[in-house]
Amino acid sequence: MYKILKREDLAPSIKLFDIEAPMVARKAQAGQFIILKIDEKGERIPLTIADFDREKGLVTIIFQEVGKTTKQLGLLGEGDAVSDFVGPLGIPSHIEKYGRVVCIGGGVGIAPIYPITRALKEAGNEVIGIIGARSKDYLFWEEKMRAVTDELLVTTDDGSYVRKGFVTDVLKEVIDRGKTINLVVAIGPLPMMKAVAEVTRPYQIKTIVSLNSIMVDGTGMCGACRVSVGGQTKFVCVDGPDFDGHLVDFDEQMRRAKIYQDEEKRALLKFEEGCGRC
Amino acid sequence: MAFDRPTKKYPMPEQDPVARAKNFDEVALGYDLETAIKEAQRCLDCKKPACKEGCPVEVDIPDFIRFIKAGDIDSAINKIKGKNALPAVCGRVCPQENQCEGRCVLGKKGEPVGIGRLERFAADYELAKGTQEVQVAPPTGKKVAVVGSGPAGLTCAADLARLGHKVTIFEALHVAGGVLMYGIPEFRLPKRIVQREIENLTKLGVEIKTNAVIGKSLTVDELLEEEGYDAVFVGTGAGLPNFMGIPGENLNGVYSANEFLTRTNLMKAYLFPEYDTPIKVGEKVAVLGAGNVAMDAARTALRLGAKEVYIVYRRSRNEMPARLEEIHHAEEEGVKFMLLTNPTRIIGDDKGWVKAMECLKYELGEPDESGRRSPVPIPGSEFTIEVDTVVVAIGQSPNPLVPRTTRGLEVGRKGNIIADENGQTTREGVWAGGDIVTGAATVIKAMGAGKKAAKAIHEYLMAK
Ligand SMILES: Cc1cc2nc3c(=O)[nH]c(=O)nc-3n(C[C@H](O)[C@H](O)[C@H](O)COP(=O)(O)OP(=O)(O)OC[C@H]3O[C@@H](n4cnc5c(N)ncnc54)[C@H](O)[C@@H]3O)c2cc1C
Ligand SMILES: Cc1cc2nc3c(=O)[nH]c(=O)nc-3n(C[C@H](O)[C@H](O)[C@H](O)COP(=O)(O)OP(=O)(O)OC[C@H]3O[C@@H](n4cnc5c(N)ncnc54)[C@H](O)[C@@H]3O)c2cc1C
Ligand code: SF4
Ligand code: SF4
Ligand code: FES
Ligand SMILES: [Mg+2]
């Protein structure tokens, strides 16, 4: 069992857990993820490693309650535990000194962009951060992001905080400043990552996105997570999750994300009618 | 002699095909004591038993059968276990017709002795009764890490533990058992049987660490250099699913057999929504391939509610690599065989879901290097079948995670770890066996490899 040592409610339906998992913490690097399973009957779901503390053996995950499993997870608190927690999985983000980089986190994507932003900053890059959310309430880790960026730009879809607009609007403004940008890293919902890739494509700015395809094992065994990148089939769990945003077939990814839509609705309905597992 | 020797095996009771095609309970029900004794009496107790040569681990077949004849099942099972640590599994899943039974002299005139059925009977008898205590040698103070808990790893771990070594198994998934748990379906190999065998292993003092992906959570180098293990056995299997490389394989509704079977067996998707993992099976399912994996996928699809299930295979019936018994079972349950047929593309609807598959007809040509007559496409024979689910079951390749992250471990052209007949790899202190070395093979071969490696590791540790 893997114990939840800390719980923090970051926004409506967005929760942070510190999980005791020394073996994962020891090896975790920015860009990697874990797979957890709540209990005997649970499904295996991937979540990005948002932070880690090797000494304390802690791994931080941040999740948004979107369906049965994440809602059930959201009912747990400090002292509870999940039955399985495996990682670190996936290839760590490639970190080097590129020059000027822009790190974009949208919605719950702010969590996974944080360790990458920090690593890029530590590698000596000039880092511009852009974070966005639906509204003020859904924004988190603004201060944490500010601490690891040279400049942090914040936006909300509804204008309830700082300014109104999408992260792509802010990105365009940054590009329009005319200074060279060597790399853009974007993590968020698929439509957001697709939009970012379309903004940078005409400027040929290298753009890395982190894909979140449906997974089962996370070790390359099942192929559930496959994605077309530059016309080739890749497995997100072992070949990614980071890929060149200009080569990813986003439409295929969005289509594949919906494979179990009917079943997911059914599972959620049953969960909300009952009271969890009782 | 008054005994009239039947030319056929005593039938083993099975669930009715119509009923069983809708449930996940075991299909074959096993002999009772009386039938087992009668079947044992068919054995001629040959002086030079050919059957034994056909068994990759050389189970003392006439000897254990003699005990069954005498009704001494305890001695029978002890005899089997001297060579085979997982008899309840092997009795069920070994391709006996190519191995032990394939060599039995009775097979020349009639049916061979039902060796697999008898082995299964003895093992189930013991499981029902409760396992006897096994002797463990005094601790040697040596530590061995076993990577992967499929039949190769389990066997290697059991043998080393019995010799007094401290063994830890590292398994990537949340349960141990490898393909026995995630691949082979419940209706062919009940999971409680696998779990009983694994419990026996923990009774020997073997520690099992699940959720440990070697190459990610820890590397083989670290196990040897930092974690204090004196030797490592790699039994990580052939887990990488092959795809056809035809257009449409990423459409919604196309599964690898691994995904299809893992969702069902390991994650229990057939009990959704009581269990959380979903699976989607339409009305018409095409399974590509004709090995055990394909039969399992096809029969699973039926049980998940598909109306029509096709096995689509490029060669003819004679070349189908699956166990004979499973081909029969699949046919009885209503799986249809589209032979000498190969898909050329999968066609999607406007929402990106599978709606049809285009295929080409084949005929048999000259024998190829495998000795099988190779299939040749018939030009202009394209036709389309309507399907809404496609399961690709054309084979698996070795999992690259460990070879890629271990220093000095050489791999062959297909990514298999190179090892000698005792499992010794090109890296000192590291042995390997099972599908990771041979490519996708059989349970008993993987066990044989685990056994040989255990012996070699023991010698290495005692000399060290
Ligand atoms: C590498 C990776 C990292 C991720 N990191 C985070 C993160 O840090 N925080 C976060 O909130 N979410 C993250 N996700 C997404 C998260 O896994 C899904 O939100 C979660 O699985 C939904 O489960 P559910 O039962 O609550 O919802 P459901 O209603 O079952 O599913 C909602 C949607 O989530 C996706 N999904 C469903 N099952 C899976 C599955 N087994 N694997 C992957 N996606 C699935 C599907 O697109 C589905 O439509 C990540 C996904 C991947 C692949
Ligand atoms: C569906 C199906 C049906 C089959 N039917 C039959 C049959 O009827 N008869 C028969 O004889 N054979 C059958 N086979 C073949 C047989 O199951 C395999 O040959 C056998 O299981 C191989 O054993 P193994 O120990 O080498 O590997 P596996 O059983 O594949 O076990 C490998 C284990 O290692 C784990 N692992 C992989 N990588 C890592 C890592 N990096 N770190 C930690 N753990 C790792 C995996 O999760 C897995 O648990 C079938 C196979 C399949 C898939
Ligand atoms: S282990 Fe398999 S091959 Fe050997 S005797 Fe038993 S059933 Fe036959
Ligand atoms: S070859 Fe057949 S008859 Fe002879 S000992 Fe083996 S099982 Fe018995
Ligand atoms: S999740 Fe199974 S191969 Fe990627
Ligand atoms: Mg779900």
Side-chain angles (χ1 to χ4, degrees), chain A residues 2 21 23-24 26-27 32 34-45 67-69 72 83-91 214 216-228 233 235 238 249 251-264 266-271, chain B residues 170-175 179 182-183 209-219 222 236-243 245 249-263 266-269 271-280 348 351-353 392 396-397 399-401 404:
Chain A
Y2 301 80
M23 192 155 69
V24 184
R26 210 165 67 142
K27 280 295 180 66
Q32 290 186 294
I34 57 91
I35 284 188
L36 68 74
K37 181 166 155 292
I38 298 179
D39 55 23
E40 163 68 23
K41 296 180 178 177
E43 63 181 336
R44 295 170 63 99
I45 67 156
K68 156 80 191 351
T69 300
Q72 190 189 345
S83 66
D84 300 282
F85 192 88
V86 56
L89 300 171
I91 299 174
I214 293 178
V216 184
D217 61 303
T219 67
M221 183 269 278
C222 76
C225 60
R226 60 198 190 279
V227 54
S228 299
T233 295
F235 288 4
V238 285
D249 184 341
D251 295 336
E252 178 189 273
Q253 275 295 288
M254 288 190 245
R255 191 191 79 214
R256 289 187 61 82
K258 291 189 198 136
I259 294 179
Y260 299 105
Q261 223 168 25
D262 300 343
E263 288 75 13
E264 284 155 1
R266 232 178 107 198
L268 185 59
L269 207 69
K270 178 172 169 270
F271 178 70
Chain B
F170 295 89
E171 168 55 49
L173 292 171
H174 57 272
V175 294
V179 169
Y182 78 70
K209 286 203 167 123
T210 50
N211 298 321
V213 185
I214 301 303
K216 288 284 174 191
S217 319
L218 267 172
T219 63
E222 287 165 338
T236 46
L240 192 71
N242 297 342
F243 284 90
E249 268 183 313
N250 289 351
L251 287 167
N252 292 5
V254 182
Y255 285 96
S256 77
N258 276 3
E259 182 186 355
F260 195 72
L261 292 169
T262 300
R263 283 183 181 272
L266 183 72
M267 305 311 296
K268 301 219 173 355
L271 299 173
F272 179 87
E274 189 199 338
Y275 281 71
D276 291 335
T277 305
I279 193 158
K280 203 133 190 157
K351 293 213 174 75
W353 283 86
V392 185
Q396 290 96 239
S397 304
N399 189 314
L401 215 47
R404 263 189 213 159

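Lettering follows sequence order; numbering is per chain, from 1.
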Handout entry: chain A contact via B/Lys216 - which portion, at a heavy-atom distance below 4.5 Å
Key = both

Exercise for the section: Heavy-atom distances under 4.5 Å only: say whether A/Ile34 touches chain B with side chain, backbone, both or neither. Expected result: neither

Problem - Side-chain donor or acceptor of A/Lys41 paired with backbone N/O of B/Asp276 under 3.5 Å - result: no

Practice task
Please flag which part of B/Phe260 lies under 4.5 Å from any non-hydrogen atom of chain A: side chain, backbone, both or neither.
Solution key: neither

Handout entry: Geometric class of the B/Tyr255/A/Tyr260 ring pair [parallel <30°, tilted 30-60°, perpendicular >60°]
Key = tilted

Handout entry: Taking every non-hydrogen atom, the tightest pair across A/Ile259 and B/Lys280
Key = O-NZ, 3.3 Å

Handout entry: Interchain contact, B/Ser397 with chain A, by part (heavy-atom threshold 4.5 Å)
Key = neither

Problem - For A/Asp84 against B/Asn211, the heavy-atom pair lying closest together - result: OD1-ND2, 2.8 Å

Practice task
I would like to know whether B/Thr262 and A/Asp217 meet side chain to side chain donor-acceptor pair (under 3.5 Å); could you show each step before the answer?
Solution key: CA-CA 9 Å; B/Thr262 300; A/Asp217 61 303; over 6 Å; no

Exercise for the section: Tell me, for B/Ala257 versus chain A, whether the close heavy atoms (under 4.5 Å) come from the side chain, the backbone, both or neither. Expected result: neither

Exercise for the section: Give, as side chain, backbone, both or neither, the part of B/Glu249 having an atom under 4.5 angstrom from any heavy atom of chain A. Expected result: backbone

Fill in the blank from the handout: Cut-off 4.5 Å, heavy atoms of chain B, and the answer for A/Phe85 is backbone

Fill in the blank from the handout: Most contact-rich option vs chain A, by heavy-atom pairs under 4.5 angstrom, among B/Leu218, B/Thr277, B/Asn252, B/Leu173, is B/Asn252

Handout entry: Closest approach of A/Tyr2 to B/Thr210 (non-hydrogen atoms, all atoms of both residues)
Key = OH-O, 4.4 Å

Problem - Pick from A/Met23, A/Lys27, A/Arg255 with the largest number of heavy-atom pairs that fall under 4.5 Å of chain B - result: A/Arg255

Completion exercise
Which of A/Glu263, A/Gln261, A/Arg266 passes side-chain contact (heavy atoms from CB on, under 4.5 Å) with B/Pro278? It is A/Glu263

Completion exercise
d(B/Lys351 NZ, A/Lys258 NZ) to nearest 0.5 Å is 9.5 Å

Exercise for the section: Against chain B, work out which of A/Ala267, A/Ala224, A/Ser83 has the most heavy-atom pairs shorter than 4.5 Å and name it. Expected result: A/Ala224

Practice task
Test B/Asn250 against every option in A/Val227, A/Thr233, A/Asp249 by the side-chain contact (heavy atoms from CB on, under 4.5 Å) rule and name the one that passes.
Solution key: A/Thr233

Completion exercise
Heavy-atom closest pair (B/Ser217 atom, A/Gly87 atom, distance to 0.1 Å) is OG-O, 3.0 Å

Problem - Derivation and outcome, side chain to side chain contact (heavy atoms under 4.5 Å, CB included), residues A/Glu43 and B/Tyr275 - result: CA-CA 7 Å; A/Glu43 63 181 336; B/Tyr275 281 71; over 6 Å; no

Exercise for the section: Please step through side chain to side chain contact (heavy atoms under 4.5 Å, CB included) for the pair A/Lys37 and B/Met267, ending with a clear verdict. Expected result: CA-CA 11 Å; A/Lys37 181 166 155 292; B/Met267 305 311 296; 4.2 Å; yes

Practice task
Output yes when a side-chain donor or acceptor of B/Ser256 lies under 3.5 Å from a complementary backbone atom of A/Cys222, and no otherwise.
Solution key: yes

Handout entry: Sub-4.5 Å side-chain heavy-atom contact between A/Arg226 and B/Val254
Key = yes

Exercise for the section: Work out which heavy atom in B/Ala172 is nearest to a heavy atom in A/Thr219; give both atom names and the distance. Expected result: CB-CG2, 4.2 Å

Completion exercise
Output for pair (A/Met221 CE, B/Asn399 CG), nearest 0.5 Å, gives 9.0 Å

Exercise for the section: Can you tell which part of A/Val216 gets under 4.5 Å to a heavy atom of chain B, answering side chain, backbone, both or neither? Expected result: side chain

Completion exercise
Answer key: most heavy-atom pairs under 4.5 Å with chain A among B/Leu251, B/Leu271, B/Val175 is B/Leu251

Handout entry: Contact summary for B/Pro273 and A/Lys270, nearest pair of heavy atoms
Key = O-NZ, 3.5 Å

Practice task
For A/Arg44 and B/His174, run side chain to side chain contact (heavy atoms under 4.5 Å, CB included): C-alpha distance rounded to whole Å, both residues' side-chain angles, the deciding distance at 0.1 Å, then the answer.
Solution key: CA-CA 10 Å; A/Arg44 295 170 63 99; B/His174 57 272; 2.8 Å; yes

